[in-house]
Enquirer: 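Could you have a look at this structure, given as structure tokens, before my questions?
Every chain is numbered from 1, with letters handed out A, B, ... down the list of sequences.
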Amino acid sequence: MAVITYLEAIRQALFDEMGRDERVFVIGEDVGAYGGAFKVTEGLIDKFGEKRVIDTPISEAAIVGSAIGASYMGMRPVCEIQFIDFIACCFDMLTNFAATSRYRNGAAAPIVVRGPSGGGVGGGPFHSLNPESFFLNTPGLKMVEPSTAYDAKGLLKAAIRDDDPVLYFEHKFLYRRIKEDLPKDDYIVPLGCAAVRREGTDLTIVTYGAMLYPCLEAAATLEKERGAKAEIIDLRSLLPLDRETIVASARKTGKVMVVHEDTRTGGIAGEIAATINEEAFDHLDGPVLRVTAPDTPVPYSAPLEDFFLPNAVKIADAARKLVAY
Amino acid sequence: MAVITYLEAIRQALFDEMGRDERVFVIGEDVGAYGGAFKVTEGLIDKFGEKRVIDTPISEAAIVGSAIGASYMGMRPVCEIQFIDFIACCFDMLTNFAATSRYRNGAAAPIVVRGPSGGGVGGGPFHSLNPESFFLNTPGLKMVEPSTAYDAKGLLKAAIRDDDPVLYFEHKFLYRRIKEDLPKDDYIVPLGCAAVRREGTDLTIVTYGAMLYPCLEAAATLEKERGAKAEIIDLRSLLPLDRETIVASARKTGKVMVVHEDTRTGGIAGEIAATINEEAFDHLDGPVLRVTAPDTPVPYSAPLEDFFLPNAVKIADAARKLVAY
Amino acid sequence: MKASEALSSNQLLEMYYFARLARDVEERLVILFRQSQVIGGLYRSLGQEGESVATAYALERQDAVLPLIRNMGALMTVGVRPLEIFRQYMAKGTSNSRGRDLNIHIVHLPEPDADEPVIVGPISMLGDSIPVAAGIAMGAGMRGKPRVAMAWIGDGATSTGAFHEGMNFAAVQKIPLVVVAEDNKYAYSTPIAKQMAITRIDERASSYGIPHELVDGNDMLAVYDVAKRMVDNARAGGGAQLIGVDTMRMQGHAQHDDARYVPKAVLDAWAAKDPLERFRKALIEERHTASEQDFADIDRMTKEYAAKEADLAVDEPMPDPSTVARGVYAGDDFAVPRVELVASPFASKGSSA
Amino acid sequence: MKASEALSSNQLLEMYYFARLARDVEERLVILFRQSQVIGGLYRSLGQEGESVATAYALERQDAVLPLIRNMGALMTVGVRPLEIFRQYMAKGTSNSRGRDLNIHIVHLPEPDADEPVIVGPISMLGDSIPVAAGIAMGAGMRGKPRVAMAWIGDGATSTGAFHEGMNFAAVQKIPLVVVAEDNKYAYSTPIAKQMAITRIDERASSYGIPHELVDGNDMLAVYDVAKRMVDNARAGGGAQLIGVDTMRMQGHAQHDDARYVPKAVLDAWAAKDPLERFRKALIEERHTASEQDFADIDRMTKEYAAKEADLAVDEPMPDPSTVARGVYAGDDFAVPRVELVASPFASKGSSA
Ligand SMILES: Cc1ncc(C[n+]2csc(CCOP(=O)(O)OP(=O)(O)O)c2C)c(N)n1
Ligand SMILES: Cc1ncc(C[n+]2csc(CCOP(=O)(O)OP(=O)(O)O)c2C)c(N)n1
Ligand SMILES: [Mg+2]
Ligand SMILES: [Mg+2]
């Protein structure tokens, strides 16, 4: 066991998988000698050489497009998008080419596209994106977002070994703030499985990514205040969603709120609310509530972004409302 | 009054607005002499000349990007995307540049981006897209989709006169199948306002675009069968959503289903289900149900696409379930 | 010596066979289209079959092809059985896409070390196939089985961002990619003058430092000579190459388009330069390597073959609707029919393709 | 006669003033960055101030500029008050973006017929500003107030699809767009050899039929001469133009980057070619149009000015959180402070900008 950060866990997963399988390679901007804008790929080029750690021009469509082609030849490309916001520049390649490939002609396109997402670090409107709902409506894609170092490593290994295109969002706020003891030996965290981070009976909080922590904080407050026990579900996989775990918890507690850092309208909370409605309506003792960022681009200035982001206080407020409902 | 098609109504709106306001111009592929792939812009170039009806290279990002620039200079560009599926190729320009412009610097980007969307015509996976949920999570954009010739004309005029970027999706299945008497004089259909297409007390069906018609059919069947009266809400505007109208109807009927042609997971129905939950939970006598296409790319072959698309039978089945709930 | 001079008379006839077969298959498709057996767009390559065949003919068996909708000739050249094309156009359940995707959107991915062509049909979004082609050639090399990738692209599609990013990436990485840029004078209704401000389409390569040549696309021998040289360069480590092809789209964008925007005089001038006719003349009158009879035999052969294949396809079943949701993700073992590859009647006598 | 020879000594000093001011503003920003008054990335244009100023100086008052993060010089040249820049970098509520967006991301859109510069800062997505710049120049013409648009772009950003689509569109439409492509040898850590397979960045224009020239970016007079010629061409109906600028990024990509990947010898060689120093020498020793004293005065003036402006900004308020959701759509009349434009001390004596 060794205490490592969320970022280091991602880096280890890349080292492990490239060592385990010579078909795995990394491609992106400044991923080579520089080791990536956040140093996630640091050292890879020394160990695996520049044939397997490819520095590209500033061309996201070429990064993803060439990865698709290489995957057709049996390779396992891992694309780095320097900031996940720039995934908008290869949106077509992902939604039209990669996502439909297997459905159209049975052609697997096992690529991984990873990059730093999320706010809370003063990145402003173009370096803080939570892109999940851009892709939630595209069958053929998978999406994950780890909230712990353990999952960061296990989900990336699972994504690289998966036979479908997987978008892997790493929350940059967690890169160096989250540390954990990780097992030395090889493990994966299977795609499509949520984790129950806290058992509870009075309400369910569904969340993922960096929001897990304010949710845990709010849950503790709630229990201290009034003994209300919140169950917290960390989605981990956003596509496919672990509907079983969500619905089971909803049936148990009868009260559900969804917390995401992404803006409200069109956010993933809608899909979860709809699912719970369809599969647990009779067990509901209150509305499925949402705690999210408001419907604006992500503002740069600290006072604005602090106000914009969901936090433990806002989550606790909503939770009290729901418990009292 | 004169009986015209949905397609002709769009064409008339372009003629009217270009005649009314010299700042309005059309830009896209084959929109000039050819009159557009579906002939929506036919005749425009003869009346307004090639300075205001611009044939472009195959460059969706240049079409939208140059439209943004022209709008900064006070112009009112109307971009045609030959098939709306290709909007994926200018996704970045729309979500990052156009959508955030006013928020960042107060710079209005009043562009309209229109094109044929939807299936039912054997277009296959790349000519049948319902793109609405790609953009539902992007504050700063507006989205509309007319279901009638009257709205097709009125919504496009409103979109062109609006001071924000508006995505205008015209359902190609309706182009020549829908005919209507239209008033000769100028009118608009305001953005953000849904229409109640059928009054009812027993359940609410929320829909838009081509799905309005099977919904009306299903509602008639239901009433004939068991006297159940379905209220049908045609959203018309998808962003912003007319939450008031939706919630009011939900409170009245207590039973809501959402019908969209788009695939299920991550579709707009989720947002509507969440909204109803938050604002009408106490009035609900049943779950908010969804009737949608399954989670696959749009298949080409007729037997597959027919099976894939929602229709009156599937809608009526769901409605019966809900009424009986 | 020109590469084409090294071709045997048998190989030359084989090239004609592929081009002729492409034309006859398309003519069958037109008949089926008129009978509403083909729904959706039907795209002719009339007048372009020559360049499509002559470029693909320069490839080796294991190479990769990424054709566009007008590269029927390339598909015939790498051995795709016409039946596969009819199945696709008629949206049959037996087709490679099982009726899920259009026309020539087929994919054939051989085992990593197999000496079979890699075939990756386009998606509709133009330009996307260029970065993918670069990745295929790059990936094949990484797997230790080098394959040259050849991708065809229209004049209009060279205006897409994906084309630019793919070309530049291939140039920097010295990837064995040969791009065939087809200047057929129009992109749908848009004349080339509204598509680009250059007059030679091969100059589309000059921003990337990619070697490029322009060739008369209706002269199959000239096209083959350039293509062979560039394929050899790419294979020898010369990196990406671009062939600019000067040709003409002799019909509308698709069957629904009467192309009234194309001046009749232009069409007439190009009609006189029909690539098959010129090739026939060249072999009979200049090279004296073939007889009228040889060509007459091929014409009959391909016509009958195309008709037979079409008839076979007509009777095949449409897809089973209950399968619609299968095969979106790995794991539900939904079988996909492999694209059937066939050898030409000339192969036995030794062909290069 | 070279265009630069027509510049008055006053104008020449004004060019130096803008370049010097850009450098001093950035040096102030570094101090504020160290004091954590500036959060997020701080991007220096050290060594590139000269080309940034000399290109913008070739514009007329009503023209449009689309700078990138390293074009502080261009912003000073068109008259953006340094205070505006400090406000942005410190994310103040008084800034043009009211703390909503980063660094030089400011926008100034004058009334359609006003003789004021159009200023459109970049969004982070590189390349996007090229199609937008084309649209600005096209739209200004449509409104009957022609404006030449000048857009700066880095070597790395020329690899984006948006750059390609915008350049090709501008070329076909003969839009008065002048693109300044800055080869400063690196894109973040990526050397130009991994960015493109051409050695002259101006060849990025050759796929579009756009006239292009390469110029020594550290020679302000040479840059001005080329820029003036191209701006004049564009204004005269010559369509889009591209200036390739050969220069060097003298610091890391941003303050956090120590740029250890850049060979020391290369930096030293370029340090000897500092554009401000060379310009000073040229005016004093070759042109004899200015004295050491003139430059000493300017150096003091700009240093004090930058310091004063920085101090003003420091005391200004941060944004009011309660405004965060305002101004997403039209109609909630949320006021946006206009970018303040100021004339240089030399303007009175007649400047061209
Ligand atoms: C990105 C994108 N935009 C628009 C279209 C619509 N479209 C299909 S074919 C075509 C014309 C293609 O012209 P060209 O590339 O010259 O090929 P050709 O048809 O002449 O062989 C267009 C505009 C598309 N398929 N993809
Ligand atoms: C589309 C896109 N991809 C990646 C980035 C991340 N990024 C920001 S600056 C930069 C390097 C830019 O290099 P260059 O264009 O040469 O300009 P320079 O910094 O050298 O002035 C990169 C990769 C981006 N901003 N946009
Ligand atoms: Mg063409
Ligand atoms: Mg650079």
Enquirer: Quick check on A88(B) against chain C: is it the side chain, the backbone, both or neither that has a heavy atom closer than 4.5 Å?
Expert: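 Interface part for A88(B): neither.
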Enquirer: Rounded to the nearest 0.5 Å, what's the gap from CZ on F163(C) to CD1 on I58(B)? Could you check?
Expert: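 F163(C) CZ to I58(B) CD1: 12.0 Å, rounded to 0.5 Å.
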Enquirer: Under 4.5 Å heavy-atom distance to chain B, tell me which part of Y188(C) shows up: side chain, backbone, both or neither.
Expert: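 For Y188(C), the contact with chain B is made by backbone and side chain together.
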Enquirer: Less than 4.5 Å to any heavy atom of chain B: does that hold for the side chain of V328(C), its backbone, both, or neither?
Expert: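 Side chain only.
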Enquirer: For T190(C) and D55(B), test the side chains for any donor-to-acceptor distance below 3.5 angstrom and give the result as yes or no.
Expert: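 Per modelled atom types, T190(C) and D55(B) side chains form no pair under 3.5 Å.
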Enquirer: Spell out, as yes or no, whether a donor-acceptor pair under 3.5 Å connects the side chain of T296(B) to the backbone of A325(C).
Expert: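 Looks like no, no N/O pair under 3.5 Å.
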Enquirer: With chain B as the partner, which of M125(C), M318(C), K194(C) has the greatest number of non-hydrogen pairs under 4.5 Å?
Expert: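 That would be M125(C).
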Enquirer: Just how far is it from atom CG of L126(C) to atom CZ of F86(B), taken to the nearest 0.5 Å?
Expert: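 If we round to the nearest 0.5 Å, L126(C):CG and F86(B):CZ are 6.5 Å apart.
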Enquirer: If I take atom OH from residue Y34(B) and atom CZ from residue R260(C), how far apart are they, to the nearest 0.5 angstrom?
Expert: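 Y34(B) OH to R260(C) CZ: 9.0 Å, rounded to 0.5 Å.
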Enquirer: If I take atom OG from residue S301(B) and atom NZ from residue K92(C), how far apart are they, to the nearest 0.5 angstrom?
Expert: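 The OG atom of S301(B) sits 8.5 Å away from the NZ atom of K92(C).
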Enquirer: Pick from P125(B), C89(B), P299(B): which one has the most heavy-atom pairs with chain C under 4.5 Å?
Expert: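 Heavy-atom pair counts peak at P125(B).
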Enquirer: Does E50(B) have more than 12 heavy atoms from other residues, nucleotides or ligands lying within 6.0 Å of its CD?
Expert: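 Incorrect, the count does not exceed 12.
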Enquirer: With no hydrogens and no angle check, is any side-chain donor or acceptor of S59(B) less than 3.5 Å from a backbone partner on S159(C)?
Expert: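 Flag set: sc S59(B) to bb S159(C) pair under 3.5 Å.
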Enquirer: At a 4.5 Å cut-off on heavy atoms, which part of H253(C) comes close to chain B: side chain, backbone, both, or neither?
Expert: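 Neither part.
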Enquirer: Answer whether the closest heavy-atom distance between the side chains of H105(C) and Y300(B) falls below 4.5 Å.
Expert: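 No, side chains not in contact.
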Enquirer: Let me know if D85(B) has heavy atoms under 4.5 Å from chain C in its side chain, its backbone, both or neither.
Expert: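 Backbone plus side chain of D85(B), per the 4.5 Å heavy-atom cut-off to chain C.
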Enquirer: Nearest 0.5 Å, please: how far is OG in S97(C) from CG in L304(B)?
Expert: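 Between atom CG of L304(B) and atom OG of S97(C) there are 9.0 Å.
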Enquirer: What option among L102(C), D128(C), D320(C), I123(C) has the most heavy-atom pairs under 4.5 Å with chain B?
Expert: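 When all of L102(C), D128(C), D320(C), I123(C) are compared, L102(C) has the most.
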Enquirer: Given heavy-atom pairs under 4.5 angstrom as the criterion, report whether the side chain, backbone, both or neither of V298(B) touches chain C.
Expert: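 It is the backbone, since no side chain atom gets that close.
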Enquirer: Measuring heavy-atom distances to chain B, does D155(C) have an atom under 4.5 Å in its side chain, in its backbone, in both, or in neither?
Expert: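 For D155(C), neither part sits under 4.5 Å from chain B.
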Enquirer: Are there more than 12 heavy atoms of other residues, nucleotides or ligands under 6.0 Å from atom NZ of K39(B)?
Expert: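 More than 12 within 6.0 Å, yes.
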Enquirer: Could you have a look at E29(B), E60(B), H127(B), E305(B) and say which one has the most heavy-atom pairs with chain C under 4.5 angstrom?
Expert: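 Ranked by heavy-atom pairs under 4.5 Å with chain C, first place is H127(B).
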Enquirer: Non-hydrogen atoms of chain B under 4.5 Å away: do they reach the side chain of R326(C), the backbone, both or neither?
Expert: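 No part of it gets close to chain B.
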